[in-house]
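I have placed the structure first, in the form of structure tokens, so that the comments after it can refer back to it.
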Amino acid sequence: MALTPQMRQSIHILQLPLFELKAYLEQQIEENPAIEDIPHESELKERAQDLEIERLTELIDQDRKDFEDGFDSGHSQLELRKKQGYQESLIIKQQTLHEHLLRQLRLQSLNKTDYKIGELLIGEIDENGYFQGSLEIITENLKVSPQNAQSILSLIQTFEPPGVGSRNLKECLLIQLNSKGKRNSLAYKVVENHLVDLAKNKVELIARQLKVTPELIKTALKEISALEPKPGRAFHQSATRRILPDVIVEKRNNDYEITVNGQDLPSLKISSQYKDLLKKKDTTEEVRKYLKERLGSAMWLAKAVSQRQETISRVAEYIVKKQRDFFEYGYGHLKPLTMKEVAQEVERNESTISRVVNSKYIQTPYGVFGLSYFFSGSFKTDQEGDISANTVKTQIASLIDSEDGQHPLSDAKVVSILRGQGLRLARRTIAKYREELKILPSYLRKK
């Protein structure tokens, strides 16, 4: 079934995190006169602050003019620069990585389908610049070929900053070297075939395998180390950027109250003026057609937002129900949970659940977590019941945190300890989870 524009809009709204949804709705209100925005009390206060900022801006502009005219305003040039800097910090909004990529996408000569593929792909790129989505889900939802989706992803990987849209570190570094015209360089060969050995500093081994001197490998290493492993880092507004939770969970007596956060969202209302104009008999057919289109678009937008909030609420309710032990006792008490299980429970498609979970946050008594934190596979234990992958990661991190720095735990030793606790895991699974936790191997942890 082909996706209608309204369905595409619903999908887009569903996958937007709260702060992006707010910006999107403000844009829709500006573009569609049939939508009226009822300001919140907090927004009225902000507007008052905006007037103060506007007044401050006028004063600063006057100070600058007086200074340039040679008028002694009583301020030094340094003080004036400080005022200018403060003014700019108030009125300049830093561009996000997604905005930067979407602007580049709009400059491409693409048909509507390819452009929609590009939008969805960019939506799945995390703040570090890595593509975290699934090409299979996107091709299934848009009914396009895998080759088509891959070609658009390859196009995005040519955008600035270099390396954006990569699926892993290796691909990221290779894209950057290729953009510098170094596809046939020694550095490219080292990254392509010897990245693991390079991480372990096995310079001589790599030199022997590539039949070059260790000095050349060291030169290539310097070239590789100058690359950016996190292409999106330059767009981080702040290392301590405040996250707006989409869901808030609070304990009330012996139960948990779940609230879908909509406090900062504009309140949408259909224009009564447009409705009245549509009812008038003397309204021309051309105007009537325009009014119906605008009103229909406004009503669909309001419905899409309502459906988004309802779907997030139902998913959050099931997560709290399933992960009750976590909300009662904290870390280390997560149960196995899959998106397929949630999809069956809330009667939604699995791809819909994926969009709900992606880039959404939940505020709990133990802090703010991504919704994806509560989803993981399971492992059987010698005791009754299964244990979640995230709980296993917590146990691995706890063991390594308390290890002897002079005798760090090897992956094999961690396997042995966990087996003693009734949990049977392969060494490669421990290694995989350790890498996901960004924990170095034991020989690099030794003090």
Side-chain angles (χ1 to χ4, degrees), residues 1-17 19-32 93-168 171-181 183 228 230-232 234-235 293-294 296-297 300-301 304 308 349 351-352 354-355 358-359:
M1 182 180 66
L3 292 175
T4 65
Q6 290 86 355
M7 291 173 67
R8 290 198 186 104
Q9 184 185 49
S10 294
I11 290 172
H12 182 62
I13 287 174
L14 183 62
Q15 67 187 12
L16 287 178
F19 68 95
E20 289 187 17
L21 177 62
K22 182 175 183 291
Y24 177 78
L25 293 180
E26 289 172 348
Q27 179 187 350
Q28 294 299 308
I29 290 171
E30 186 176 338
E31 293 176 356
N32 190 348
K93 178 181 178 294
Q94 185 173 339
Q95 187 183 44
T96 67
L97 175 62
H98 285 175
E99 289 171 344
H100 183 62
L101 295 175
L102 286 171
R103 286 185 180 181
Q104 294 178 76
L105 182 68
R106 294 187 190 105
L107 296 175
Q108 310 301 315
S109 299
L110 301 174
N111 58 42
K112 289 184 179 180
T113 300
D114 288 347
Y115 181 76
K116 180 51 64 177
I117 294 172
E119 276 189 321
L120 291 178
L121 291 173
I122 289 172
E124 298 290 343
I125 292 176
D126 67 16
E127 64 176 9
N128 290 323
Y130 285 87
F131 176 69
Q132 301 288 5
S134 167
L135 286 178
E136 289 76 14
I137 291 177
I138 290 174
T139 55
E140 177 187 344
N141 288 331
L142 294 182
K143 303 300 180 187
V144 297
S145 68
Q147 295 80 6
N148 195 1
Q150 177 59 56
S151 68
I152 300 300
L153 179 60
S154 298
L155 172 65
I156 292 171
Q157 290 173 348
T158 66
F159 291 177
E160 292 288 336
V164 73
S166 306
R167 284 159 287 195
N168 51 57
E171 188 175 37
C172 177
L173 299 179
L174 289 177
I175 288 173
Q176 291 182 60
L177 287 169
N178 189 47
S179 70
K180 293 175 178 288
R183 189 176 184 84
E228 175 55 78
K230 296 180 179 179
F235 290 85
E293 180 186 335
R294 295 290 85 195
S297 177
W300 185 272
L301 178 66
R308 173 194 186 272
N349 190 281
S351 62
T352 300
S354 176
R355 289 191 178 90
N358 183 45
S359 301

Determine whether a donor-acceptor pair (N or O, by modelled atom type, separation under 3.5 Å) exists between the side chain of Thr139 and the backbone of Leu135. yes
Sub-3.5 Å donor-acceptor pair from the side chain of Arg167 to the main-chain atoms of Gly133, do we have one? no
Which of these, Leu97, Leu101, Val164, sits in a side chain to side chain contact (heavy atoms under 4.5 Å, CB included) with Ile122? Leu101
Pro231 to Pro161 - nearest heavy-atom pair and separation: O-CG, 3.2 Å
Let's go through Leu301 and Ile13 carefully: what are the C-alpha distance in whole Å and the side-chain angles of both, what is the deciding distance for side-chain contact (heavy atoms from CB on, under 4.5 Å) to 0.1 Å, and is it a yes or a no? CA-CA 9 Å; Leu301 178 66; Ile13 287 174; 3.6 Å; yes
Show the numbers, then the answer: is there a side-chain hydrogen bond (donor to acceptor under 3.5 Å, both in side chains) between Gln147 and Ser151? CA-CA 6 Å; Gln147 295 80 6; Ser151 68; over 6 Å; no
Working to the nearest 0.5 angstrom, can you tell me the gap between Arg355 CZ and Leu16 CG? 11.5 Å
OG-CD distance between Ser351 and Glu140, expressed to the nearest 0.5 angstrom: 6.0 Å
Heavy-atom distance under 4.5 Å between the side chains of Pro162 and Gln157, does that happen here? no
Checking side-chain hydrogen bond (donor to acceptor under 3.5 Å, both in side chains) for the pair Glu31/Gln27: CA distance, chi angles, key distance, verdict? CA-CA 6 Å; Glu31 293 176 356; Gln27 179 187 350; 3.0 Å; yes
Working to the nearest 0.5 angstrom, can you tell me the gap between Leu155 CG and Ile117 CD1? 11.0 Å
Would you say Ile138 and Leu142 make side-chain contact, with heavy atoms under 4.5 Å? yes
Rounded to the nearest 0.5 angstrom, the OG-CD distance for Ser354 and Gln15 is 9.0 Å
Any side-chain heavy-atom pair from Arg8 and Asn141 closer than 4.5 angstrom? no
Flag, side chain of Gln176 to backbone of Glu228, donor-acceptor distance under 3.5 Å: yes
Between Asn128 and Lys230 (side chain of the first, backbone of the second, donor and acceptor by atom type, cut-off under 3.5 Å), is there such a pair? no
Return the minimal non-hydrogen interatomic distance between Gly165 and Leu153, and the atom names on each side. O-CD1, 3.8 Å
Test your reading of the model: is there a side-chain donor-acceptor pair from Glu124 to the backbone of Phe131, 3.5 Å cut-off? no
Do the non-hydrogen side-chain atoms of Lys112 and Lys116 ever get within less than 4.5 Å of each other? no
Would you tell me whether Gln9 and Tyr24 have side-chain atoms, one donor and one acceptor, within less than 3.5 Å of each other? yes
Is there a side-chain contact between Glu119 and Arg106, using heavy atoms and a 4.5 Å cut-off? no
From CA spacing to verdict: side-chain contact (heavy atoms from CB on, under 4.5 Å), Phe235, Thr96: CA-CA 6 Å; Phe235 290 85; Thr96 67; 6.0 Å; no
Using a distance-only test with no angle check, is there a side-chain donor-acceptor pair under 3.5 angstrom linking Asp126 and Gln132? yes
Consider only side-chain N and O atoms of Gln150 and Ser154, and report whether a donor and an acceptor are under 3.5 Å apart. yes
Interatomic distance, CG@Leu121 vs CD1@Ile152, rounded to 0.5 Å, equals 7.5 Å
Strictly below 4.0 Å, N to O, side chains only: are Arg103 and Glu99 in salt-bridge contact? no
Apply side-chain contact (heavy atoms from CB on, under 4.5 Å) to residues Leu105 and Phe159 and explain how you reach the verdict. CA-CA 8 Å; Leu105 182 68; Phe159 291 177; 4.2 Å; yes
For a side-chain contact (heavy atoms from CB on, under 4.5 Å) check, start with the C-alpha distance between Ile125 and Ile156, then their side-chain angles and the critical distance, and finish with the verdict. CA-CA 10 Å; Ile125 292 176; Ile156 292 171; 4.1 Å; yes
Is the shortest side-chain heavy-atom distance between Leu177 and Arg183 below 4.5 Å? no
Would you indicate whether the side-chain heavy atoms of Cys172 and Tyr130 approach each other to under 4.5 Å? yes
